[in-house]
Amino acid sequence: MAACTAMRKRSLALIDCNNFYVSAERVFRPDLEGRPVIVLSNNDGAVVSRSNEAKALGIKMGEPFFKVRHLVDAHNVAVFSSNYALYADMSNRVMSILAAFSPVQEVYSVDECWLDLTGFDDIAQRIRTIRMMVGRHVGIPVCVGCASTKTLSKLANHVAKRHPRSQGVFDYNILTEAQKANVLAHVPVDEVWGIGRKLTAALTKVSIRTALDLRDADIAAMRARHGVVMEKTIRELREESCIELEEVSPARQQIISSRSFGKTVTRLEDLEQAVAHFLTNAASKLRAQESVCSLLQVFLLTNRFRPEMPQYCPTVSVPLPLPTADTQTLLVWATKALRQMYKPGYEYKKAGIILGEIHSEHQAVQGDLFAEPIKPSPLMNVIDKINARYGRGSVRLSQDVAGGGAWAMRQDKKSPQYTTNWFEIPECKA
DNA sequence: TCTCCGATTAGAC
DNA sequence: CTAACGGTCTAATCGGAGA
């Protein structure tokens, strides 16, 4: 009970964009309505978003593109590379419209957010209006699920998506006990938030197949076997609130920047450029959250999908003498680490860096009460300001080569950045 | 035996 | 033509090292 605070019943609405990346592309390509559409991951490697028509063709989430190529060709599927600038901008538009419907909002991911609607007396109307307003002003279809806990509002959203009769909205709170049981009995346990592949397999073994089975399982036994997350999930299915809204996203404890290369890389020089690029991204994120880090890790990977090739996946950890967020300082260490682990003769497929032991720049160095707070470097300050004003990458360190050089990722099918770059709008091309 | 810490696992999107 | 399989993030848990 300590973990869970009993509260008066709340109304939490989970708003989730339907097939978000595909829907964002369709906003600018209305001709694709009704046609199967998919969006690919970095390097055009795997399918990460599918229209309903594409799902109906049997194209699965996360499948490598080359494995669905035959379906794409046979059914005239429209294919896009990921266009993150576009999706981020569309996401901001959706979130700011949603913010008008409640003073309490948690933006959970690029395509989902919670609104606390507790206390509003017109919930049924309100969630229909939310759906309509986002559709009208941004053109992205969303579904709304409402319930008293996060886990149940996720589930309610699933019901709203799945059942055409619901017209895209579903309020679990207004159901009778019998109706709730009926709804839960029709939701497979793997659709419950927090239940992934491994837990589904374990639960199936003990005949827990639906959300209702899970809700009514023995808490003590389930906690003993599967841990506290499982306990919270079960309690949340019972309408005991265990997972609170987080209106302000906590500072990252770790910042990773890494990427698979478009083609394998062997030269140290190219790896150095890639690492400089990753470090630039990561350090600017670190400064944006007003933090410094005391640990830097650099890693290299060969292609694990080619076991017949020689494999080499080294990592070097560098504990930093002073916490910092300065790109140049970090780059000196990263380059040193890279040279230390680099071996010629391997086909490297991926590299990356991790910034760890992150703390606020406003706090003195741990263990040294008299240390000065870490001042952000004036040069970094200027670079961040210019890049904020004129766009990411406007000013770069010389090591961070424009366009990505030898290791650039494949993105053959990217749509224009309609909303953030005039020069990519077809009518504005020179 | 206990505690700490890094590595691994599982999940989300 | 071939070969082709994503990127971050957190929390919990595991297992070895050292006290």
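Reminder, nothing fancy here: chain letters follow the sequence lines and each chain counts from 1.
- For C/dC1, there is no paired base (Watson-Crick or G-U wobble, both distances below 3.5 Å).
- Aromatic ring orientation, A/Phe261 versus A/Phe278: parallel (interplanar angle below 30°, classes split at 30° and 60°).
- Taking atom CG of A/Asn43 as the reference point, atom P of C/dG7 lies 7 Å away to the nearest angstrom.
- Residue side chain A/Phe305 meets the stacking definition with respect to C/dC5: its ring centre sits within less than 5.5 angstrom of the base's six-membered ring centre, and the planes differ by less than 30 degrees.
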Problem - Sugar-phosphate or base contact per nucleotide [nucleotides 5-10 of chain B; S, B, -; heavy atom under 4.0 Å] - result: -----S
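- Side-chain atoms of A/Asp326 and A/Thr324 include no donor-acceptor pair closer than 3.5 Å.
- The residue from A/Arg209, A/Arg162, A/Lys161 that alone fulfils the salt bridge (charged side-chain N to carboxylate O under 4.0 Å, His left out) condition with A/Glu191 is A/Arg162.
- A/Gln105 places no side-chain N or O within donor-acceptor distance of the main-chain N or O of A/Glu247, the cut-off being under 3.5 Å.
- In this structure, A/Lys263 reaches neither bases nor backbone, as no heavy-atom distance under 4.0 Å exists between it and the strands shown.
- In this structure, the side chains of A/Tyr87 and A/Asp111 stay at 4.5 Å or more apart for every pair of heavy atoms.
- At the heavy-atom level, A/Tyr108 lies under 4.0 Å from the strands shown only through sugar-phosphate atoms.
- As rounded to whole Å, 11 Å separates atom C1' of C/dA4 from atom NZ of A/Lys413.
- The side chain of A/Arg69 lies closest to C/dA4, out of C/dA4, C/dC5, C/dG7.
- The side chain of A/Ser258 lies closest to C/dT8 when the candidates are C/dG6, C/dT8, C/dC5.
- Using modelled atom types, one finds no donor on one side chain facing an acceptor on the other under 3.5 Å when comparing A/Asn19 with A/Ser51.
- The distance between atom CG of A/Leu40 and atom C1' of C/dG7, rounded to the nearest whole Å, is 15 Å.
- In this structure, the side chain of A/Arg131 engages the main chain of A/Val142 through a donor-acceptor pair within 3.5 Å.
- Ring planes of A/Tyr108 and A/Trp114: perpendicular class, angle over 60° (limits at 30 and 60°).
- Straight-line distance from the NZ atom of A/Lys349 to the P atom of C/dG7: 9 Å, rounded to whole Å.
- The cationic group of A/Lys150 does not satisfy the cation-pi geometry with A/Trp193, failing either the under 6.0 Å distance to the six-membered ring centre or the 45° limit from the ring axis.
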Handout entry: Per-nucleotide protein contact string for nucleotides 9-14 of chain C, where B marks a base within reach and S marks sugar-phosphate only (heavy atoms under 4.0 Å, - for neither)
Key = SBSSS-
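- In this structure, the NZ atom of A/Lys150 is 19 Å from the P atom of B/dG11, given to the nearest Å.
- Atom P of nucleotide C/dC5 and atom CZ of A/Arg304 are separated by 9 Å, given to the nearest angstrom.
- The nucleotide B/dT1 finds its pairing partner in C/dA19, both defining distances of the Watson-Crick or G-U wobble pair being shorter than 3.5 Å.
- Distance CE (A/Met61) to P (C/dC5): 17 Å, rounded to an integer number of Å.
- With both pairing distances under 3.5 Å, B/dT9 is matched to C/dA11 as a Watson-Crick or G-U wobble pair.
- To the nearest angstrom, P of C/dC5 lies 12 Å from CE of A/Met309.
- Among the protein residues, A/Val192 comes within range of the sugar-phosphate backbone only, with heavy atoms under 4.0 Å from sugar or phosphate atoms but none that close to a base.
- Closest heavy-atom contact between A/Ala202 and A/His226: CB-NE2, 3.8 Å.
- Close to C/dC5, at under 4.0 Å from its OP1 or OP2, lies no side-chain N or O of A/Arg306.
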